[in-house]
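First up is the structure itself, then whatever we jot down about it.
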Amino acid sequence: MGNVFVLDHPLIQHKLTHIRDIETGTKEFRELVDEVAGLMAFEITRDLPLEEVTIQTPVAEAKMKVIAGKKLGLVPILRAGLGMVDGILKLIPAAKVGHVGLYRDPETLLPVEYYVKLPSDVEERDFIVIDPMLATGGSAAAAITSLKNRGAKNIKLMCLVAAPEGIDLIHRDHPEVDIYLAALDEKLNDHGYIVPGLGDAGDRLFGTK
Ligand code: PRP
Ligand code: URA
């Protein structure tokens, strides 16, 4: 079964509290999501392979480590996943970015896919699927299926806030996928919103409500 990592670093927890706060407006919300995504990227890249290179410092020749040219792909789920991309790209600027467009039908809560565009060398890349919210898990599970159908083999999932229901669905449908979170919340409400959560991530990011 894939692991669930809750990245409870004090900086992440502090910023997430402000993200959740209803008093936080769009500008600050966007900035904080960007910052937390960057902090999470620090941890999610912990297992990147290193290789040894020889360099010359001003003092001596030395064998040192650099990242071993791993091909990475970020896949934000539209819309809200977009808010986390730049924060991660600041740390991993060479990553390619694919997009999966999904919205959740408000009646059935089931995901509806409307767009997919991935890097052409999908089979050679390790992917991080990005979405602030893992609620029922339907959107993330569908995005991961979409990637797998196009040849992706190594996929991680990165979300800000999850409900237990979403974790269960990913474990059921994609048991090999590791999940990285800033917080694991209590439950879903009757409308499929995470409690306490942060509300509608897309609307808060883009100011559409
Ligand atoms: C939100 C969120 C996730 C999805 C999570 O997107 O960004 O993609 O809901 O819910 P789930 O785990 O139950 O599938 P939404 O459908 O509101 O689309 P939007 O980002 O375009 O607003
Ligand atoms: N989508 C959101 O944006 N928020 C939730 O709490 C659940 C789904």
Side-chain angles (χ1 to χ4, degrees), residues 2 4 6 15-26 28-34 36-37 40 73-88 97-118 127-149 155-175 177-209:
V4 179
V6 180
K15 290 174 192 295
L16 183 60
T17 297
H18 291 292
I19 288 172
R20 290 179 187 276
D21 192 334
I22 194 171
E23 299 298 335
T24 299
T26 297
E28 202 188 346
F29 186 92
R30 210 179 275 149
E31 290 167 357
L32 287 163
V33 168
D34 178 75
V36 170
M40 292 181 74
L74 309 180
V75 181
I77 300 179
L78 307 180
R79 292 176 296 165
L82 289 174
M84 298 173 73
V85 172
D86 286 351
I88 304 170
V97 182
H99 296 86
V100 175
L102 287 165
Y103 69 89
R104 202 169 72 148
D105 182 291
E107 299 297 323
T108 64
L109 300 184
L110 293 173
V112 181
E113 187 176 280
Y114 59 87
Y115 185 76
V116 180
K117 182 77 181 175
L118 300 178
F127 285 96
I128 306 174
V129 171
I130 305 162
D131 195 321
M133 311 307 283
L134 183 67
T136 65
S139 302
I144 293 168
T145 300
S146 215
L147 259 72
K148 286 183 177 173
N149 287 343
I155 302 170
K156 291 176 175 175
L157 174 63
M158 176 176 178
C159 305
L160 290 188
V161 180
E165 293 87 335
I167 305 275
D168 290 347
L169 189 74
I170 299 298
H171 279 168
R172 192 195 75 189
D173 288 2
H174 304 290
V177 169
D178 287 341
I179 305 171
Y180 294 77
L181 306 172
L184 177 54
D185 277 9
E186 197 187 321
K187 60 178 181 182
L188 296 179
N189 69 14
D190 293 342
H191 305 287
Y193 276 81
I194 299 174
V195 181
L198 54 79
D200 188 304
D203 283 342
R204 293 196 66 192
L205 259 176
F206 297 110
T208 41
K209 209 170 221 171

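Ligands are counted one by one from 1 in listed order, and the atoms in each one are counted from 1 as well.
- Residue S139 touches ligand 1 through backbone and side chain together, judged by heavy-atom distances below 4.0 Å.
- Ranking protein heavy atoms by distance to atom 19 (P) of ligand 1, first place goes to R79 NE, 3.6 Å.
- Not a single heavy atom of P132 sits under 4.0 Å from any atom of ligand 1.
- Considering backbone and side-chain N/O of G137, one or more are found under 3.5 Å from N/O of ligand 1.
- In this structure, G138 and P111 approach most closely via the heavy-atom pair O-CG, 3.3 Å.
- Salt bridge annotation for D34-K15: absent, with no cationic side-chain nitrogen under 4.0 angstrom from a carboxylate oxygen.
- Ranking protein heavy atoms by distance to atom 17 (O) of ligand 1, first place goes to D200 OD2, 4.0 Å.
- For T26 against F206, the heavy-atom pair with the smallest separation is CG2-C, 4.4 Å.
- Per-atom contact check: atom 5 (C) of ligand 1 touches the protein, criterion being a heavy-atom distance below 4.0 Å.
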So what's ligand 2 close to, N/O to N/O, under 3.5 Å?
| from | atom 1 | to | atom 2 | distance (Å) |
| --- | --- | --- | --- | --- |
| ligand 2 | 3 (O) | A201 | N | 2.8 |
| ligand 2 | 4 (N) | G199 | O | 2.8 |
| ligand 2 | 6 (O) | I194 | N | 2.8 |

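- Remark: side-chain polar atoms of R204 are paired, donor with acceptor, to backbone N or O of T24 under 3.5 angstrom.
- With I179 as the partner, the side-chain contact (heavy atoms from CB on, under 4.5 Å) test is satisfied by one option alone out of V129, I167, L184: I167.
- Judged by distance alone, the side chains of T136 and R104 never bring a donor and an acceptor atom under 3.5 Å apart.
- Each of the following atoms of ligand 1 lies closer than 4.0 Å to a heavy atom of Y103: 16 (O).
- With respect to K148 and D173, no salt bridge is recorded, no charged nitrogen being found less than 4.0 Å from a carboxylate O.
- In terms of heavy atoms, G83 sits closest to V33 at O-CG1, 3.5 Å.
- The backbone N or O of G2 sits less than 3.5 Å from a side-chain atom of H171, completing a donor-acceptor pair.
- Any N or O atom pair closer than 3.5 Å counts here, and L109 shares no such pair with ligand 1.
- Regarding atom 11 (P) of ligand 1, its nearest protein heavy-atom neighbour is T136 OG1, 3.4 Å.
- Closest to atom 7 (O) of ligand 1 among all protein heavy atoms lies D131 OD1, 2.9 Å.
- Taking atom 16 (O) of ligand 1 as the reference point, the nearest protein heavy-atom neighbour is R104 N, 2.8 Å.
- Residues C159 and L134 share a closest heavy-atom pair of SG-CB, 3.8 Å.
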Exercise. Go through V100 and L147 one step at a time and tell me if the side-chain contact (heavy atoms from CB on, under 4.5 Å) criterion holds.
Key: CA-CA 9 Å; V100 175; L147 259 72; 4.0 Å; yes

